[in-house]
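In what follows, every heavy atom counts, from backbone to side chain, and hydrogens, waters and symmetry copies are set aside.
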Amino acid sequence: MQFDAALAAQDTFRRAETELGSDWDTAVELEATFSSNAGSTAREAYEGLLALSVRYPQAYSFQAFCIFITWQQVTEETIAHHFQTGLRLCEAFLASPDGKHPEDIEQITELYGSYRDGLGLDEEDETLVEFRKDTPKGGD
């Protein structure tokens, strides 16, 4: 990747304050727990942040923040579930560019490819590769 997801998360989190209104204090508390812990404590805070994001689908900076911290989860615990979550979040974010920060769109588009790669979605199936080798080309 051409950027640091942790730094991008910090930037987008700061911008999210106005988006979350009365839930901002909850987000700050969850983010502090997520950032300063590991293991199940961090995971619970992460899941709390994702739950909060569901309540604010138009909070684009906060949505971007959740995508970036999901990448942090991937690097901490490389499991398919985190890649799938990241993929789903990216798809929802990228569905419409209206009202979103251009840099967020660019970085999330790049992360989207990384989530796809992590799930093996850009790799061709071996059977398909063999099929293409065996398929007659024009003039064969």
> Salt bridge (Lys or Arg N to Asp or Glu O under 4.0 Å): which pairs involve residues 59-68, sequence neighbours left out?
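Every candidate salt bridge (Lys or Arg N to Asp or Glu O under 4.0 Å) pair involving residues 59-68 fails, so no pair, neighbours aside, qualifies.
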> Out of curiosity, Q2 CD to E106 CD, how far, rounded to the nearest 0.5 Å?
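Q2 atom CD to E106 atom CD measures 9.5 Å (nearest 0.5 Å).
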> With a cut-off of 6.0 Å (strictly less than), are more than 12 heavy atoms of other residues, nucleotides or ligands near CD of Q10?
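Count over threshold, so yes.
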> I need the C90 SG to I105 CD1 distance, nearest 0.5 Å.
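Rounded to the nearest 0.5 Å, the SG-CD1 separation comes out at 12.0 Å.
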> Do E103 and Q107 make a side-chain contact, defined as non-hydrogen atoms from C-beta onward lying under 4.5 Å apart?
yes
> Once side chain to side chain donor-acceptor pair (under 3.5 Å) is applied, do any residues pair with Q58, and if so which ones, sequence neighbours excluded?
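So Q58 forms a side chain to side chain donor-acceptor pair (under 3.5 Å) with Y60.
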> Quick one: ring-ring contact (aromatic ring centres under 6.0 Å, His included) pairs with a partner in residues 1-41, sequence neighbours left out?
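Applying ring-ring contact (aromatic ring centres under 6.0 Å, His included) to every pair that reaches into residues 1-41, excluding sequence neighbours, yields F3-F68, F13-W24, F13-F65.
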> Could I get the full list of side chain to side chain contact (heavy atoms under 4.5 Å, CB included) partners for E91, not counting sequence neighbours?
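Checked E91 against side chain to side chain contact (heavy atoms under 4.5 Å, CB included); matches are L87, Y112.
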> List the residues meeting side chain to side chain contact (heavy atoms under 4.5 Å, CB included) with L52, not counting sequence neighbours, and say none if there are none.
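Testing L52 for side chain to side chain contact (heavy atoms under 4.5 Å, CB included), a comparison that skips the adjacent residues, returns L20, D23, A27, R55, Y56, F62.
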> Side-chain contact, heavy-atom cut-off 4.5 Å: S61 with H101?
no
> With sequence neighbours left out, write down each residue that passes side chain to side chain contact (heavy atoms under 4.5 Å, CB included) with E77, or none if nothing qualifies.
R43, I79, H82
> Using the salt bridge (Lys or Arg N to Asp or Glu O under 4.0 Å) criterion, which residues pair with R15? Sequence neighbours excluded.
D104
> Please list all pairs meeting side chain to side chain donor-acceptor pair (under 3.5 Å) that have one or both residues in residues 63-72, counting only residues at least two apart or in different chains.
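Listed by first then second residue: Y46-T70.
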> Which residues pass the salt bridge (Lys or Arg N to Asp or Glu O under 4.0 Å) test with D4, sequence neighbours left out?
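Expected list: none.
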> Test of understanding: with side chain to side chain contact (heavy atoms under 4.5 Å, CB included), list the residues that count as partners of S35, not counting sequence neighbours.
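Applying side chain to side chain contact (heavy atoms under 4.5 Å, CB included) to S35 gives E31.
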> Distance check, rounded to the nearest 0.5 Å: L119 atom CG versus S114 atom OG?
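L119 CG to S114 OG: 11.0 Å, rounded to 0.5 Å.
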> Going from CG on L94 to NZ on K100, what distance comes out if it is rounded to the nearest 0.5 angstrom?
7.0 Å
> Where the side chain of T78 meets the backbone of V74, is there a donor-acceptor pair that is under 3.5 Å apart?
yes
> Between L50 and L89, does a side chain to side chain contact (heavy atoms under 4.5 Å, CB included) hold up when you go through it step by step?
CA-CA 10 Å; L50 290 184; L89 293 171; 3.9 Å; yes
> Output the distance between atom OG1 (T85) and atom CD1 (I67), rounded to the nearest 0.5 Å.
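Nearest 0.5 Å value for the OG1-CD1 distance: 11.5 Å.
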> Does atom CD (E47) have a neighbourhood of more than 12 heavy atoms from anything else shown, all under 6.0 Å?
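Yes, the 6.0 Å shell around CD holds more than 12 heavy atoms from other groups.
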